[in-house]
Amino acid sequence: MTMAKLAKLDDIVSLCKRRGFIYQSSEIYGGLASCYDYGPLGAELKRNVRHAWWKAVVQMRDDVVGLDCSILMHPMAWKASGHADKFADLVTVCKKCNTRTRVDHLQEKNDGGPAQEHTEHIDIETEAGKPHDLGRKVCPACGAVGQFGPPMAFKLMFETQMGANVNDQMTLYLRPETAQGIFANFRNVLDSTRVKVPFGIGQIGKSFRNEVTTKAFIFRTREFEQAELEFFCKPGTDEDWYNHWKEQRFNWYLNLGIKKENLRFREHEKDELAHYAKACVDVEYKFPFGQGDWQELEGIANRTDYDLRQHQRGMRTMNDWFENKGDLMKISLRQEDLDYAKGPLSFFDEEAKERYIPYVIEPSAGIDRSTLAFLVDAYDEEEVNGETRNLLRFHPHLAPVKAAVFPLVKKDGMPEIATKLYNDLKGCFATFYDEKSAVGRRYRRQDEAGTPYCLTIDGQTKEDNTVTVRERDSMVQTRVNIDQVKTYLRDKLDL
RNA sequence: GCGGGUGUAGCUCAGUGGUAGAGCGUCACGUUGCCAACGUGAAUGUCGUGGGUUCGAAUCUCAUCACCCGCUCCA
């Protein structure tokens, strides 16, 4: 059972390389852990996934606008969001059972009380060098007391330096999520686009996290692409909007062909929620790897008014930042103004004549994870005349190539007609032309790339001006007038 | 980070100290008139990388890198 599933992921990985969907990064140098590149077909597929998200979440919505933020942001953005403090941990290893535990999660022997080592709001590197008394701490895994190695520092944010002059550089972070760029531009969008709450801001872009462990092909990588929507709504209406987006996002995957039995919701338990979140649900896909199988594709969270309020605090803390020469560890966010609801990141509701900080519903999807899920879900093998047919049953919107044009044979004027049709179609869809080898082989090659339609010019074409349209999933062939092919495909592909 | 496994042609893999191989795929030519046809020919290798042992290493050994599985960790 498990073996079959593993074999299936291996098949996908091998197909991905063989057909140019996904390669390992820097392969000629032995690879770089957790990094992957998208080849010619993969780049098209991923682009189509992005486009499908943007169309559903931004283009088709009257209440959502788009945004494209820089990856580098002012360091205070990460102080306000909490990442600068919370994305650094001290971790220690139990020498007895080799289990790793966060130092601030360890409990003293016998007292059962809360952890006494606090590792938040500290300079993680300085702290790791200091002596820590773990002599009375209990390993939560095996119960051994005081058997810990020296604490190791983990920093989950990538750091980089801005400024070519090495004596005048500032440490910046590569964003660990795209969301904060949206919150930081909330005021700009309000002031420049005439949007009114309820409304959303959507964005697609790269994020970076130094995950402790990477996982399963492109599922968990340190550089990854997110598609995030921050939907701002009036407090009190947030639960309705939360349910609205849950439904919208779940159906998005189903509408793009993910099989129902492979998709589910998983609501987070109360004690699993981040302290600012009122509710959170994961959309999970049943991947063919690992033991858990069900893995998160997207998280939909009710983040309340936490983020905008935090950034208001961040704005009030700028003097401290200057006075401490930009050392984030030396400063704490200032308290909120008592009148925070009327602060710079508040919204004035004309109808109700009141000012408030909107609540936020955040659907946050992983583009790479979704792309992998679409690949895995589309993969199929079937028996045809005793031979195995490998194919990818992509939804037409996701298929990297929409149509392939073939002359049945390379003579009798067929290539000329086929080339003309190809040149006509490629302006509208991603189209592929092939005149090499037997036509059956060409069909099968396109099956493996997931191309939904193949068009073959044959002897009859010159007689009655029709071509064979061969359908990927059923292999059924129909004849269509060559002048009608573009309209026919547009209709079938829903483009 | 710990434990287990793997790494040889684009892919799947054989090769256990003595000339680097097969199938599939790719390319060319011929044939071929609708589902991975056939014939002939061709190209393709830092044997993951680096050191060591040896007359000689894909093979033994050490280190390292990458991937998979299980722990662990994880807004």
Need one value for A:S207: base, sugar-phosphate or nothing, where a base atom within 4.0 Å counts as base even if backbone is also close, heavy atoms only. nothing
A:N210 atom CG is separated from B:rA75 atom P, nearest whole Å, by 14 Å
How many whole angstroms separate atom CD of A:E435 from atom P of B:rA28? 10 Å
Residues two or more places apart in sequence or in another chain: which of them pass side-chain contact (heavy atoms from CB on, under 4.5 Å) with A:E267? A:Y242, A:K246, A:V281
The side-chain contact (heavy atoms from CB on, under 4.5 Å) partners of A:Q310 (sequence neighbours excluded) come to A:Y306, A:R313, A:L333
P gap between B:rC69 and B:rC13, integer Å: 15 Å
Base partner of B:rC13, which must satisfy Watson-Crick or wobble distances under 3.5 Å: B:rG21
Salt bridge (charged side-chain N to carboxylate O under 4.0 Å, His left out): pairs with one or both residues in residues 358-371 of chain A, sequence neighbours excluded: A:K46-A:D368, A:R303-A:E362
At less than 4.0 Å, is any side-chain N or O atom of A:K436 found next to OP1 or OP2 of B:rA28? Yes or no. yes
For atom P, what is the distance between B:rU16 and B:rG21, given to the nearest Å? 15 Å
Round to the nearest Å and state the distance from A:L32 atom CG to B:rU49 atom P. 18 Å
Should the pair A:R249 and A:W252 be classed as cation-pi, given the thresholds of under 6.0 Å to the six-membered ring centre and 45° from the axis? yes
Whole angstroms only, please: what is the CZ-C1' distance between A:R220 and B:rU72? 12 Å
I need the CG-C1' distance between A:D282 and B:rC74, as an integer number of Å. 13 Å
How is A:G459 classified with respect to the nucleic acid when contacts are heavy atoms under 4.0 Å: base, sugar-phosphate, or nothing? base
Can you tell me how far C1' of B:rU26 sits from CG of A:D434, to the nearest Å? 12 Å
A:E27 CD - B:rA66 P separation (whole Å): 13 Å
Identify the nucleotide, in any strand shown, that forms a Watson-Crick or G-U wobble pair with B:rG39, with both distances under 3.5 Å; if there is none, say none. B:rC29
Pick the C1' atom in B:rA14 and in B:rU72, then give their distance to the nearest Å. 37 Å
Across the strands shown, which category fits A:F217 at heavy-atom distances under 4.0 angstrom: base, sugar-phosphate, nothing? sugar-phosphate
Report each atom pair, protein N/O against N/O of nucleotides 35-38 of chain B, whose distance is under 3.5 angstrom.
unit_1, atom_1, unit_2, atom_2, d
B:rC35, O2', A:R444, NH2, 2.7
B:rC35, O2, A:R444, NE, 3.2
B:rC35, O2, A:R470, NH2, 3.1
B:rC35, N3, A:R470, NE, 2.9
B:rC35, N3, A:R470, NH2, 3.0
B:rC35, N4, A:R470, NE, 3.0
B:rC35, N4, A:M475, O, 2.7
B:rC35, N4, A:Q477, NE2, 3.3
B:rA36, N7, A:T388, O, 3.4
B:rA37, OP1, A:R441, NH2, 2.6

On RNA chain B, nearest-nucleotide positions of A:Y276 versus A:K17: which is more 5'? A:K17
Using the C1' atoms only, state how far B:rA58 lies from B:rG45, rounded to an integer number of Å. 11 Å
On the 0 to 90° scale, with breaks at 30° and 60°, tag the A:H311-A:F183 ring pair as parallel, tilted or perpendicular. tilted
When the P atoms of B:rC11 and B:rG18 are compared, how many Å lie between them, rounded to an integer? 27 Å
C1' atom, B:rC47 versus B:rG4: distance in rounded Å? 24 Å
Whether the side chain of A:T468 and the base of B:rC34 hold a donor-acceptor pair under 3.5 Å is what I'd like checked. yes
At 4.0 Å (heavy atoms only), tell me whether A:I28 reaches a base, stays on the sugar-phosphate, or touches nothing. base
Hunt down the Watson-Crick or G-U wobble partner of B:rU54, both distances under 3.5 Å, from any strand shown, or write none. none
Sequence neighbours left out, what pairs pass salt bridge (charged side-chain N to carboxylate O under 4.0 Å, His left out) with at least one residue falling in residues 432-441 of chain A? A:D434-A:R445
Nearest whole Å is fine: how far is B:rC74 C1' from A:M157 CE? 15 Å
Sugar-phosphate, base or nothing in reach of A:Y36, heavy atoms under 4.0 Å: sugar-phosphate
Electrostatic pair A:E471:A:K492 at N-O distance under 4.0 angstrom: no
Does a salt bridge link A:D447 with A:R470, judged by any charged N lying under 4.0 Å from a carboxylate O? yes
Could you give the distance separating B:rG17 and B:rG52 at their C1' atoms, to the nearest angstrom? 16 Å
P gap between B:rU53 and B:rG1, integer Å: 29 Å
Please give the nucleotide sitting opposite B:rC67 as a Watson-Crick or G-U wobble pair, both distances under 3.5 Å, or none. B:rG5
5' priority, RNA chain B, between A:S14 and A:S437 [closest heavy atom]: A:S14
List the atom pairs, donor and acceptor, that lie under 3.5 Å between side-chain atoms in residues 450-457 of chain A and the rest of the protein, sequence neighbours left out.
unit_1, atom_1, unit_2, atom_2, d
A:T451, OG1, A:Q446, OE1, 2.6
A:T456, OG1, A:Y443, OH, 2.8

